[in-house]
Structures are given as C-alpha cells and as structure tokens.
Amino acid sequence: MSRPSPHNTEDRAAGLSEQQETLRLRAEQSLQALAPETASDDMAPDSQRLLHELQVHQIELEMQNEELLASRAEAEELLASYQELYDFAPVAYFTLDPAGKILQANLTAARLLGLERICLIQRRLGAFVAQQDLPILNALLQRVFDGQPRSHCECRLADPDQLPWQTLHVEATLRPDGNCCHVVATDITPLKTQQRQLEQMALYDPVTKLPNRVLLADRLQQAMTQCQRGGRSLAVAYLDLDGFKAVNDRHGHILGDQLLLALAQRMQATLRKGDTLARIGGDEFVAVLVDLGQAQDCTPLLQRLLQAAAAPTVISDCTLQVSASIGVTLYPQDAADADQLLRHADQAMYQAKQAGRNRYHLFDLHHHDALRSQSARIAEICSGLRRGEFELHYQPKVNLRTGAVVGAEALIRWRHPERGLLPPASFLHLLENHSNSEEICDWVLGTALEQMNAWQDAGHEIPVSVNISAFQLQQDSFVPKLTQRLAAAANGSQHLLEIEVLETSALENMAKVATMMRDCHALGVRFALDDFGTGYSSLTYLRHLPADLLKIDRSFVAGMLDDADDRAIVESVISLARAFQREVIAEGVETPAHGALLLEMGCEMAQGYAIARPMPGADMPAWITQWRSSWATRQQAWPARC
Ligand code: C2E
Ligand code: CA
Ligand code: CA
C-alpha cells in the first residue's frame, strides 16, 4: 500500500477516499466468503442487509486500525531518524528566545559547549561566548529579533583551551511566529587557523617567529603616532650580529638558524611589553623601544640587548658566541619618517661596527644635518656650473729678470647670482674628494684650452697652468678625458698646458700618480708641484714624481723678508730645484722687495699681486701690452725699477 503524500492535503484526501474504497471492496469480498455461516435464510431481507452492512463496517474498521498502526510506526521511525540527523549534524543547532536563552539544542551543540544537553536549556548562549565577542553575538540576535529574517556573525568561544571549537560562524534565522530564532553554529576554527598561518607567513620571519620587515614598518608607524600623542620618545635600534657569518660558514645553515632563534628569544626577553623586535634580514634585527621619557632611558635596554646577543649559546654540543653592533636613533628628536629613521639607525650601526663592534652608537643628528646641507650646497654648485655661472680668471707669471710673460695660472671663480663673485675658498672645499669635482675639473680643462685658443687667435701664445686636485688626478678617467680635450683643441696648445698638482699630501698612491704624470707628459703636458714645502713629504714627491716645476708656497714668500726660517725654506726649495734640475717659481709676490730678494736668491719666475691680480681672460692681451710697454721704457730688472 502506498503511503499518503505528506506534502499536499488534497492529495492526502484523495488518497484516503481511495483507500476507503479499497477497504470496502476487500471487506465485501471477505464477507461473501463468510456468508454461508453468518446469514440464515429465515432472516427477514432487511435484517439480512443490515447485518451484512454491519459486518462490512466492522471489517472496514479493523482494517483501518491495522493501517493506522502501520503508519504510526512508520512516522515514529521517521521522527527518530530526523532526531538523529538533528542531534549528530556536524553543526550545532540552537533555538533561542528573544532574551537569547536556549530553548532547544542538538547533541553537537551540547558537545560544543561541553555540557549535557539538559544543562543548556534556559541558559543564555552569550554565556558561552568570549567576553570580547559578546557584543557581536548580541547585535546579531538584536538584528534578527528586530525583524531581519536572517543574519550571521563570527565569534569565539569563551574558553578556547577547554572547548573543542574556537571560532564559530553563527547564522540566526527568525522563526515565522517571531518568538524564537534558529541558530546554526559552524566550526570555522580550521579556516581561521589557516588564515593565521598565512598571516604568519606574510608578517613573521619563519626562522625566529619575530615580526618581519612588513610588520615592523606597521608597528613603527603606530609607535610614532603614539609618541606624538603622548609626548614621549622612541628609539629605533638597528642591530647587526658580529661574527655570525663565520658561524654559518663553519657550522652550516641549520645550526646558524638555531642560533638565530636562540638569540632572538633571548633578546626578545630583554624587552618590555609594547617594544618590538623584528628580524629584517640575515643577521639584522630592529628593536623599536617605545615610551621613553628621555634619550637616556633606552641605555639600559640597549645594554641588555648587547648582553643577550653576546652571551654564549650551546647548540648540539657546540658553544657559539657572537655579539651585536647597534645603531640607534631617537624619534621625534630625529624628526624623520619611518624609512629615514631606519636608514639613520643603520648608518649609526656601521659606526658602531667601525668603533670596534659589540657596542651601540647613537646617530649623530648634527653631523647628519651638516652633511645634508653640504650635499644641498654641492647640488647648488653643480647647477651653477650648468647655468654657466663659473669663470676662470688668469694671473700672469713673469720672469722678473727679463720681463717676459711666461704664462698664467687659471683660477676659478663663481659669479653667484646673489652673492657676487666668489673665490674658490668659499666653495671648492665642499667638492673635495667628491665625485662631482670631476665635472668641475673637466670644465676647467676645457675652458682653459678654449682661452688659450682665443689668445692664440689674437696673437698671444700664453701657457696656462690649471689646478688639479690629487683626488682628480688619481681617477682612472682623468688621462682619457684630458686626451680627448687636447685632441678637440688640436691647435698645438698641448705644450702650453701645465697642471699644478694640489694637496700633494693626499697623494696616497704615488706609483699610480707617477704613471699618470708620465702619461700626461707623453701628451705634451707639463707638471708643477704647487704649494711646495708645505707637505711633510715634499722631498719624497720630488724624488718620485716627474714634475717639471716647483712652486714655492706663498706663505714662505710672504714671510721671508722678516722671518729667517721662511727665508731658509725659500732658499732650500730653490737649491733643491737646482739640484734636481727642476724649474722654480715663487707665488704670492706682493711687493717689489719680495721680487728683489727672490732674484737675489736665484728665483727668476714669479707671480703675485705686485705683478698683477687674477683677471678675466679677455683682459690679458691689454695687460700684456701695458706690461711690455712699461718694461721697455725702463732697462733694469723689474723690482729694481719700482
Ligand atoms: P693656489 O693654487 O695657491 O692659487 C694661488 C692663490 O693665491 C689664488 O687664490 C690667488 O688669487 C692668490 N694670490 C695670487 N697672488 C697673490 C698675492 O700676491 N698675495 C696673496 N695673498 N694671494 C695671492 P685663489 O684664486 O683664491 O685660489 C685659491 C686656491 O684655490 C688656489 O690656490 C687653488 O688651490 C685653488 N684653486 C683655484 N682655482 C682652482 C681650480 O680651477 N681648480 C682647483 N682644483 N683648485 C683651484
Ligand atoms: Ca696653484
Ligand atoms: Ca699655491
């Protein structure tokens, strides 16, 4: 027999009448089979019919009863299996009243909350949720009982250590009568664990489990904001291990990693709550030390970090020991952004290394500011050069005995748009040993050669000496550039070019410089050793460097009239030049008396204010004409005639 369909009442009614009809037919058949025994011929026909109907009805009832018993058993069986499904579903089911009290719960829910099902009834679901997440759950129930048919949230259980599930996805559905809601809680702990693992990978260093560079940037930014709000300071300590590479090379990476982990844990233990220790690369760590009242407050923390890094560590029977060099900068004293703070601390760390390792070094803000303004000024010089604000002035060199103009020294000037004409002393020192000095050096060479060409075109062959720093001379690019410049000039001015080598005390690689000077000689260029006598190694230079000319420093020339020592030095330079067969010239000849004494001592060539001040190249031809005409009118040597 088919079971009535539970879904549709019409179908069910139709099914019943059909069933009754079938029962009736079966009852009739049963009665006919019994007829001979139950009906007797002497009964009145009406009574016979009534009896027949009664019997049919009775049989019908019996059959119906049987049928009902069968359907009931089936319904009970169905209910039991639904109950089983409800109880053992992989999700927890609750029915809650508007106050959040549990009216019903399945066995999974009881297991989830660690109680017998009966003990859950009439307790608030919120009692089992983590304190911090309670507002989230309450808000969800509020939404649903306010009429939103379905809503969901995530919350954690109150005691994750004790209970099997930790994070739940809670979905609440309002029942049609609005008096209670169904809640389905699904365990999303594995999902959350996976999410945490991904986060861990993105934000933490896998070896030490410390924050990595990404998380450090975030923490540092937050700490800086808090600093500003609270009027406190923080220290960024950049820590590099000393001697870690040797451990890695000797014992291998596995042991190296174990050492890093041990050090990280030890260093971390020295910090306070709120401080951050991050690993940002190989053996480099950064500590952010927050909430400092004054700069000195970080000193004990840094000492503890140093001690933690330097303590011996025993791993697999090996005793390993390294130390740390720490560079520190303080915020907001160092009013930089997060990236700059790290860079400054890194710079200071290098100084700690240079100072002997296993120590910390504070970033020197004032020195840094000075450097910063220096680089700004260097940039200003370079742009001035590109804007054509530089000039070469020329100071004549003469033979005091014959009156011949033997050459001119090219001296750089900066025609500053605001500050006027600046002497080299006001800007050249900034470029000392700086790569930008190459640009200036190249410009000086090019301009001096152009000037010589111009003078040649005007009928004056004037040798020009240019000042080249020892730093420039030691650059590999110097000779090729000079070769190029001379080739471009290509009018035979090579032999008219002379180089005055400055800062001879900075000539570290004498052999190299000597080779370069020979290369330049091969190009036809002459050399003078400038400021001769001021360096400690003048004699050494004289012996090793193929210089053609010695230029007596103007300080000795200036003093020689009154100071016996200066005079002795001038005399000895002149005799040295003679002994080594070099030419000699005196600079800084300020009076005719200086000239006269020089001539007396045997130095004929001179340069100085008494003869002429440095002048623009265009003024030189007129000056030469005037010099020659005044010389011709008098027949004696120049100093004697003044
Ligand atoms: P220096 O090579 O010793 O140049 C001579 C300096 O003495 C020049 O100063 C010149 O003006 C000055 N001077 C000349 N005669 C007298 C005098 O009778 N009395 C006094 N008191 N001073 C006199 P300037 O032009 O200011 O140059 C200073 C220094 O700057 C030069 O000293 C040189 O070392 C450097 N310099 C100048 N031009 C250049 C250049 O183009 N390149 C490089 N690398 N250095 C340069
Ligand atoms: Ca010079
Ligand atoms: Ca000089």
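In each ligand, atom 1 is the first atom listed, and ligand 1 is the first ligand listed.
Residue Asp531 has at least one heavy-atom neighbour below 4.0 Å for each of these atoms of ligand 1: 3 (O). Within ligand 1, counting atoms from 1 as listed, the ones closer than 4.0 Å to a heavy atom of Val444 are 41 (O).
With a 4.0 Å cut-off on non-hydrogen atoms, Glu409 touches ligand 1 through its side chain and not its backbone. Within the 4.0 Å heavy-atom criterion, the part of Val589 lying near ligand 1 is the backbone and not the side chain. The side chain of Asp530, and not its backbone, has at least one atom closer than 4.0 Å to an atom of ligand 1 (non-hydrogen atoms only; side chain from C-beta on).
Taking the Ca ion (ligand 2) as reference, the nearest N/O/S atom within Glu500 carries the name OE1. Nearest N/O/S atom of Glu587 relative to the Ca ion (ligand 3): this is OE2. Asp531 contributes atom OD1 as its closest N/O/S atom to the Ca ion (ligand 3).
Here Asp530 meets the criterion, with an N, O or S atom under 3.0 Å of the Ca ion (ligand 3). Not one N, O or S atom of Asp553 sits under 3.0 Å from the Ca ion (ligand 3).
In this pair, Phe427 and Phe390 present their aromatic rings perpendicular. The plane angle is above 60°, beyond the 30 to 60° band.
Looking only at heavy atoms of the protein, atom 27 (O) of ligand 1 is closest to Pro424 CG, 3.3 Å. Protein heavy atom nearest atom 36 (N) of ligand 1, with residue, atom name and distance: Leu428 CD1, 3.8 Å. The single protein non-hydrogen atom nearest to atom 19 (N) of ligand 1 is Glu590 OE2, 2.6 Å, given as residue, atom name and distance. Nearest protein heavy-atom neighbour of atom 34 (O) of ligand 1: Leu502 CD2, 3.3 Å. Among protein heavy atoms, the minimum distance from atom 31 (C) of ligand 1 is reached at Leu411 CD2, 4.3 Å. Scanning the protein for heavy atoms near atom 42 (N) of ligand 1, the closest one is Asn467 O, 3.1 Å. Of the protein's heavy atoms, Arg554 NH1, 3.9 Å lies nearest to atom 12 (C) of ligand 1. Of the protein's non-hydrogen atoms, the one nearest atom 11 (O) of ligand 1 is Pro614 CG, 3.5 Å.
Using a distance-only test at 3.5 Å, with no hydrogens or angles considered, no donor-acceptor pair links the side chain of Asn453 to the main chain of Gln456. Side-chain atoms of Arg578 do not come within 3.5 Å of backbone N or O of Gln581 as any donor-acceptor pair. At distances below 3.5 Å, at least one donor-acceptor pair connects side-chain atoms of Asp548 with backbone N or O atoms of Phe527. In this structure, Gln340 contributes its side chain and Asp337 its backbone to a donor-acceptor pair below 3.5 Å. The backbone N or O of Phe580 lies less than 3.5 Å from a partner atom in the side chain of Arg582, making a donor-acceptor pair. No donor-acceptor pair under 3.5 Å is formed between the side chain of Trp631 and the backbone N or O of Gln626.
Here Glu439 pairs with Arg386 in a salt bridge; the nearest charged N to carboxylate O distance falls below 4.0 Å. Between Arg343 and Asp339, no side-chain nitrogen of the basic residue sits less than 4.0 Å from a carboxylate oxygen of the acidic one, so the salt-bridge criterion is not met. Under the 4.0 Å criterion applied to side-chain N and carboxylate O atoms, Glu391 and Arg415 are assigned as salt-bridge partners.
Among all heavy-atom pairs drawn from His344 and Ala336, the shortest one is CE1-CB, 4.1 Å.
Comparing His393, Gln395, Gln607, Arg413 by heavy-atom distance to atom 15 (N) of ligand 1, the nearest is Gln395.
Rounding to 10 degrees, one finds that the Ca ion (ligand 2) sits at the corner of an angle of 90° between Glu409 OE2 and Asn467 OD1.
Of the candidates Gln607, Gln395, Lys397, Glu409 forms a side-chain hydrogen bond (donor to acceptor under 3.5 Å, both in side chains) with just one, namely Gln607.
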Give the intermediate values and the outcome of side-chain contact (heavy atoms from CB on, under 4.5 Å) for residues Asp283 and Leu263. CA-CA 10 Å; Asp283 58 353; Leu263 291 175; over 6 Å; no
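The presence of a protein heavy atom under 4.0 Å from atom 9 (O) of ligand 1 is ruled out.
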